[in-house]
Number of protein chains: 2
Amino acid sequence: MITSTQFVAEDDRQQPRLGDRVYQQIKERLIRGAHGPGDKLTVRALAEDLGVSSTPARDAINRLVLEGALVYAGPKTVIVPFLDAQALEEITLMRLALEGLAAEKAAARVSGEDIDLLRETQLRINAALDQRRYADALWSNKEFHFAIYRLCGMPHLLATIETLWLRIGASFNDLYPEFAEAKYGVHNHMAAMEGLAEGDSGAVRAAIESDIRDGYRRLKRADRERTSAQTRPD
Amino acid sequence: MITSTQFVAEDDRQQPRLGDRVYQQIKERLIRGAHGPGDKLTVRALAEDLGVSSTPARDAINRLVLEGALVYAGPKTVIVPFLDAQALEEITLMRLALEGLAAEKAAARVSGEDIDLLRETQLRINAALDQRRYADALWSNKEFHFAIYRLCGMPHLLATIETLWLRIGASFNDLYPEFAEAKYGVHNHMAAMEGLAEGDSGAVRAAIESDIRDGYRRLKRADRERTSAQTRPD
DNA sequence: GTGTGATTTTTGTTGCAACATAATCTTGCA
DNA sequence: TGCAAGATTATGTTGCAACAAAAATCACAC
């Protein structure tokens with residue numbers, strides 16, 4: 001499980017609300033691609049689906065909208081957004097700036113056991129790819145990145161990066177094969193770990209930026225193919 | 001009034017909710033320093049204060065918490081956060097990354113009349129400073145920055161930057177004199193406008209980064225004085 | 001005075017009904 | 001067949017009461 005550091009400061013609310021549970025479930029569905037772009041979400045349907053009243057369901061939807069994982073398509077219509085090429089580029093630029101920063105700062109605070117954990121995570125990525133378990137590969141890839149970003153001890157930064165991943169994930173995680181394409185990112189990940197081991201912050205940043213750019217190219221290509229094949233219903 | 005582009009994509013919900021009004025009012029109070037760090041906000045008090053029921057008041061508080069403008073200090077206690085030196089540095093690093101990016105991209109899309117508008121805004125800043133109207137100076141300063149950031153046409157980026165300003169503003173906008181100190185940022189702003197006029201994206205980024213760093217030094221100094229003078233009640 | 005435990009008050013969350021309005025369906029006409 | 005207007009359904013928002021839990025207050029012993 002990724003951090004779930006959803007609140008910027010330490011969340012002193014110990015007992016999770018019902019709305020949080022709903023939020024997590026929708027988030028999970030979005031990440032797993034259970035809802036594709038254009039799918040409509042309603043308060044009542046969600047409430048009945050999860051066996052809660054409308055208040056927590058409404059809370060969860062509002063929260064997702066605020067984070068950009070859902071958008072209004074009309075005054076009473078929230079949908080999973082279509083991420084067009086322009087939005088994808090924008091979010092990628094933000095990722096480069098923010099994840100690059102995180103990677104750089106992480107190099108200064110990394111420990112030996114941190115690197116060991118990263119190595120294990122990378123092994124899980126490789127194994128999943130070898131066995132064509134793309135969903136698992138994607139998940140471990142996420143773990144790898146956030147394990148690095150967590151190192152720098154910047155909660156605001158971490159929370160912001162998470163929302164960016166969610167915005168992209170909602171639209172693109174149904175593209176496992178293309179996204180996780182053969183040995184996705186393995187070279188960049190190795191370079192990142194080397195940089196961390198040597199305390200070379202510039203190298204870590206470069207490796208992460210390269211990883212993001214590689215992923216961007218794949219996503220852009222996938223988006224082009226998708227939009228050319230079937231005309232988008234919007 | 002600043003954009004209020006609170007929703008990432010174009011907000012198709014035309015009729016604003018009651019909760020939005022509450023949200024805007026609290027945001028306004030925070031920016032104006034009407035609530036200092038440590039102040040407690042309760043749903044019922046807010047609701048009665050603004051003459052609405054608890055639902056919109058609760059919505060507004062939750063939204064502010066999600067944006068980091070308020071934080072939980074306990075399971076049932078939301079307060080205006082104390083921004084310590086570390087958090088201030090973190091947010092400054094994020095601002096450098098994100099506003100630097102926005103400034104750079106703005107240079108490629110700026111028009112002549114955009115620059116004219118910026119010039120007018122700068123005149124308002126100068127006038128306000130000359131007359132010691134620090135609150136107005138701060139407001140116009142904000143307008144200046146966001147007028148630039150809006151140019152790049154990146155709604156996700158703009159929304160994220162806004163939340164960063166809000167997080168800092170809640171803790172530091174009660175420091176007008178120190179913050180708006182003699183001709184605050186006028187040199188950097190001139191450099192930014194020159195860079196925009198010449199389409200020199202690097203120069204614009206450098207000017208904005210310099211402006212952010214100057215502001216950071218002032219805030220850090222003010223914070224040091226404040227925390228040394230009176231022991232913080234936390 | 002000071003700390004500790006019980007008691008009272010306050011508070012966030014949840015469920016739910018009412019309301020206004022937007023989305024959707026139906027019907028009629030060209 | 002296409003489309004426009006009216007009727008119907010569905011939906012988000014709001015207000016409010018109930019509940020559990022936390023915070024604040026108070027009492028009392030030391």
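FYI, side chains are in, hydrogens and waters are out, and symmetry mates aren't considered; it's all heavy atoms of this structure. None of these values were measured; they are calculated from a predicted model.
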### Message
Can you list everything that forms a side-chain contact (heavy atoms from CB on, under 4.5 Å) with Gln25(B)? Sequence neighbours excluded, please.
### Response
Arg21(B), Leu50(B)

### Message
Go through it in stages, so that I can follow the logic: the residues are Glu28(B) and Tyr23(B), the test is side-chain hydrogen bond (donor to acceptor under 3.5 Å, both in side chains), and I'd like the CA-CA distance, side-chain angles, deciding distance and then a yes or no.
### Response
CA-CA 8 Å; Glu28(B) 183 92 6; Tyr23(B) 165 79; over 6 Å; no

### With Leu117(A) via side-chain contact (heavy atoms from CB on, under 4.5 Å) - residues at least two apart
Glu120(A)

#### Entry: Summary of salt bridge (charged side-chain N to carboxylate O under 4.0 Å, His left out) pairs that have at least one residue in residues 47-60 of chain A, sequence neighbours excluded
Arg29(A)-Asp49(A), Arg58(A)-Asp59(B), Asp59(A)-Arg58(B)

### Task
To the nearest Å, give me how far apart CD1 (Ile79(A)) and P (dG12(D)) are.
13 Å

### Task
Would you kindly give the CD1-to-P distance between Ile61(B) and dT10(C), to the nearest whole Å?
17 Å

### Integer-rounded Å distance: dC19(D) P and Leu18(A) CG
17 Å

### Task
Starting at atom CG of Asp59(A), determine the distance to atom P of dT13(D), rounded to an integer number of angstrom.
11 Å

### Task
Give the rounded distance in Å between these two atoms: CG of Asn62(B) and P of dT14(D).
14 Å

### Query
Can you tell me if Arg124(B) and Asn141(B) form a side-chain donor-acceptor pair at under 3.5 Å?
no

### Message
Just to verify, what does Arg213(A) make a side-chain contact (heavy atoms from CB on, under 4.5 Å) with, not counting sequence neighbours?
### Response
Leu96(A), Glu209(A), Arg217(A)

### Task
Sorted by first residue and then second, give each side-chain hydrogen bond (donor to acceptor under 3.5 Å, both in side chains) pair with at least one member in residues 86-111 of chain A; sequence neighbours left out.
Arg95(A)-Glu99(A), Glu99(A)-Tyr149(A), Glu99(A)-Trp165(A), Glu104(A)-Arg205(A), Ser111(A)-Asp114(A)

### Summary
Taken in chain and number order and not counting sequence neighbours, the residues that satisfy salt bridge (charged side-chain N to carboxylate O under 4.0 Å, His left out) with Arg132(A) are none

### Task
Whole angstrom is fine here: how far is it from CG in Leu70(A) over to P in dG12(D)?
12 Å

### Summary
Of the listed dT13(C), dT14(C), dA22(C), the closest approach to the Tyr72(B) side chain comes from dT13(C)

List, with names and distances, any nitrogen or oxygen atoms from the protein found under 3.5 Å away from nitrogen or oxygen atoms belonging to nucleotides 3-8 of chain C.
none

### Pairs flagged by salt bridge (charged side-chain N to carboxylate O under 4.0 Å, His left out) wherever residues 151-160 of chain A is involved - sequence neighbours left out
none

### Task
Find which nucleotide of DNA chain C each of Ser53(A) and Val78(B) is nearest to by heavy atoms, and output the residue with the more 5' nucleotide.
Val78(B)

### Under 4.0 Å protein heavy-atom contact, by nucleotide of nucleotides 6-11 of chain D - B base, S sugar-phosphate only
-----B

### Message
From CG of Leu46(B) over to C1' of dG15(D), roughly how many Å is that when rounded to an integer?
### Response
15 Å

#### Entry: Side-chain-base donor-acceptor pair under 3.5 Å for Ser54(A) and dG15(C)
no

### Query
How long is the line joining CZ of Arg58(B) and C1' of dT11(C), in whole Å?
12 Å

